[in-house]
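When reading the values below, keep in mind they use all heavy atoms of this one structure, side chains included, and skip hydrogens, waters and symmetry mates.
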Amino acid sequence: MAMQKKKLFFLGLSLSSLLLHGDGQLSANYYAQSCPNLQTLVCNEVTQILAADSTMAPALIRLHFHDCFVRGCDGSVLLNSTANNTAEKAAIPNLTLRGFAQIDQIKTAVEGQCPGVVSCADILALAAQCCVAEVDGYAWDVLLGRRDGTESFASEALTNLPSPFTDQATQLISLFNSKGLSTQDLVVLSGAHSIGVGHCPTFSNRLYNFSNTSSVDPLLNPQYAQVLQGYCPPGDTTTAVTMNPEPSPRFGVQYFEGLTQNKGLFQSDASLLTFSATNSYVQSLSSPSDNGAFLCQFAASMGNMGSIGVLTGTQGEIRKICAAIN
Ligand code: HEM
Ligand SMILES: *[C@@H]1O[C@H](CO)[C@@H](O)[C@H](O)[C@H]1NC(C)=O
Ligand SMILES: *[C@@H]1O[C@H](CO)[C@@H](O)[C@H](O)[C@H]1NC(C)=O
Ligand SMILES: *[C@@H]1O[C@H](CO)[C@@H](O)[C@H](O)[C@H]1NC(C)=O
Ligand SMILES: *[C@@H]1O[C@H](CO)[C@@H](O)[C@H](O)[C@H]1NC(C)=O
Ligand SMILES: CC(=O)N[C@H]1CO[C@H](CO)[C@@H](O)[C@@H]1O
């Protein structure tokens, strides 16, 4: 009797999930029928985009990160402000986001092949993967099936995104935990800071008048601090500095190598060294002669990040244009 009840209960559950067109899960073959060549299509566009401007690789990876941390990976970072709403895009941490036109270019190509079926949130996830594949030849299956949200608020970007001025790894850990990400995810994903740029105001507090006792942040390599002072004279608000001192850093591994030499650019990067749990992950990722182990973990952590707060089934919509709701 009890058994039968249980069975019925499960039958009821699976029926209702069928009716909802999904069970909240993403899957690698989500578009197998509706857009079979999607990953190739997106990566071909990304190849063209990076041929024209290789700095778009970090920009597109960062867009996916900002999308996922604010309201989940729902494409909300792409929405423009409207007459009565200030969107995430307009928030201070988003001042330096780049790649919106490039996402529109990819979306146009995808709509040409598979009209009305692929979300902007999935395009962000795929584009980030294609960028890693271009930069370091590492491809993985991206879990798909996200739907696009219809709301985006500047105020939420301020509270949900980590600040580069965070000097306590425990605060970063708490923020990542609140998104369902682990301490290891925090460290591994920070490896994205091996490529791309930071603008002077995100780290120049470490270079001048840092504290009463030390004008330069003692956690910053002194020689590297001088190099950075050369790029960022006091008051500079516009110069972009490459985050890694190496001329062409290998994705991931050279971030950790630099970090152990106190050459992480932001206070938030440096904080990963001052807490034992994050420090030991950093050490373990800083030495491998090839970065295969890092890339494998990066793919897994990107999968975790890409699953934050996703809309699935009949939730949300498939946006026609990524910058505006339908
Ligand atoms: C751990 C907390 C994090 C903090 C505090 C942080 C902060 C920042 C800041 C301040 C910038 C520089 C923006 C500018 O001035 O142009 C930046 C750039 C970047 N971040 Fe992060 N970030 C974090 C985690 C991540 C994660 C998880 C990813 C991706 C997986 C990521 C990917 C990037 C990339 C690729 C860039 C370079 C963007 C470009 O070149 O345009 N970051 N980050
Ligand atoms: C905000 O503007 C949109 C159109 O841009 C409109 O549909 C919506 O009703 C407006 N909301 C409020 C609260 O005024
Ligand atoms: C630093 O100096 C200021 C002004 O002299 C003082 O108010 C403050 O307490 C000092 N901070 C520390 C940590 O000593
Ligand atoms: C550092 O502090 C001194 C004394 O308060 C001030 O004169 C100087 O302009 C400051 N320098 C920078 C780069 O903020
Ligand atoms: C969104 O904003 C950008 C930059 O202001 C503009 O170029 C684009 O046309 C806008 N898109 C939509 C759909 O409003
Ligand atoms: C890319 C983007 O939309 N940047 C905006 C960030 O916020 C500032 C100030 O609100 C806007 O002027 C930018 O256009």
Side-chain angles (χ1 to χ4, degrees), residues 26 28-32 34-68 73 75 77-78 96-146 148 189 191-197 240 242-244 246-255 290-292 294-303 305-306 318-323:
L26 303 176
N29 58 4
Y30 185 80
Y31 296 106
S34 57
C35 197
N37 295 318
L38 180 62
Q39 191 148 356
T40 312
L41 182 60
V42 173
C43 287
N44 284 345
E45 288 300 316
V46 167
T47 303
Q48 287 174 33
I49 288 165
L50 299 188
D53 179 0
S54 64
T55 76
M56 277 298 143
L60 296 178
I61 293 169
R62 187 172 180 231
L63 268 185
H64 179 47
F65 160 51
H66 278 221
D67 186 32
C68 291
C73 316
V77 71
L78 302 173
T96 52
L97 285 178
R98 307 180 294 130
F100 295 107
Q102 286 73 11
I103 293 294
D104 289 344
Q105 174 186 333
I106 300 169
K107 174 70 168 170
T108 303
V110 169
E111 287 295 304
Q113 296 282 314
C114 315
V117 298
V118 181
S119 67
C120 296
D122 276 347
I123 287 176
L124 282 172
L126 281 166
Q129 195 290 307
C130 300
C131 287
V132 177
E134 283 276 328
V135 168
D136 217 327
Y138 192 77
W140 65 84
D141 279 338
V142 178
L143 298 180
L144 299 166
R146 297 168 192 79
D148 294 322
L189 290 171
H193 285 179
S194 49
I195 58 171
V197 297
T242 54
M243 285 195 280
N244 199 295
E246 298 299 321
S248 51
R250 288 201 73 185
F251 188 70
V253 70
Q254 279 189 303
Y255 166 80
D290 78 320
N291 58 350
F294 163 77
L295 288 170
C296 186
Q297 293 181 48
F298 189 76
S301 291
M302 285 289 275
M305 186 177 89
I318 301 298
R319 248 177 250 156
K320 292 190 178 70
I321 296 172
C322 291

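A distance-only check finds no donor-acceptor pair linking the side chain of N244 to the backbone of H193 [under 3.5 Å]. With hydrogens and angles ignored, the 3.5 Å screen pairs no side-chain donor or acceptor of Q297 with any backbone N or O of L189. Formation of a donor-acceptor pair under 3.5 Å by the D148 side chain with backbone atoms of R319 is found in this model.
Looking at heavy atoms from C-beta onward, K107 lies out of side-chain contact with I321 at the 4.5 angstrom threshold. Annotation: side chain of E45 is in contact with side chain of Q105 (closest heavy-atom distance under 4.5 Å). In this structure, the side chains of I61 and V135 stay at 4.5 Å or more apart for every pair of heavy atoms. For the pair D122 and Y31, the minimum side-chain heavy-atom distance is below 4.5 Å. A 4.5 Å side-chain heavy-atom check between L38 and Y30 finds every atom pair outside the cut-off. Using a 4.5 Å heavy-atom threshold, the side chains of F298 and F251 count as touching. Looking at heavy atoms from C-beta onward, M305 lies in side-chain contact with H64 at the 4.5 angstrom threshold. Residues L60 and I103 form a side-chain contact, since some pair of their non-hydrogen atoms from C-beta on lies under 4.5 Å apart.
Scanning both residues, V77 and L63, for their nearest heavy atoms gives CG1-O, 3.9 Å. Taking every heavy atom of both residues into account, Q129 and C43 meet most closely at OE1-SG, 4.3 Å. The two residues G306 and C73 make their nearest non-hydrogen contact at O-SG, 3.3 Å. V197 and M243 get closest at one heavy-atom pair: C-CG, 3.7 Å. Nearest heavy atom pair, residue L78 against residue C120, reads CD1-CB, 3.8 Å. When all heavy atoms of L124 and G75 are compared, the pair lying nearest together is CD1-CA, 4.3 Å.
Remark: E111 CD to C322 SG distance equals 8.0 Å, nearest 0.5 Å. Distance check, rounded to the nearest 0.5 Å: SG of C131 to CG of L126 gives 11.0 Å. One finds the CG atom of D67 at 12.0 Å from the CD1 atom of I123 (value rounded to the nearest 0.5 Å). Once rounded to the nearest 0.5 Å, the distance linking CZ of R250 with OG of S194 reads 10.5 Å. Rounded to the nearest 0.5 Å, atoms CD (Q113) and OG (S34) are 12.5 Å apart.
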Exercise. Given W140 and L295, is the side-chain contact (heavy atoms from CB on, under 4.5 Å) satisfied, shown in steps?
Worked result: CA-CA 10 Å; W140 65 84; L295 288 170; over 6 Å; no
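The number of heavy-atom neighbours closer than 6.0 Å to CD1 of I318, taken from other residues, nucleotides and ligands shown, is above 12.
For E246, the salt bridge (Lys or Arg N to Asp or Glu O under 4.0 Å) criterion is met by no residue, not counting sequence neighbours.
Paired with Q102 under the rule side chain to side chain contact (heavy atoms under 4.5 Å, CB included), one option of I49, L50, V46 passes, and it is I49.
A side-chain donor-acceptor contact under 3.5 Å links T55 and D53.
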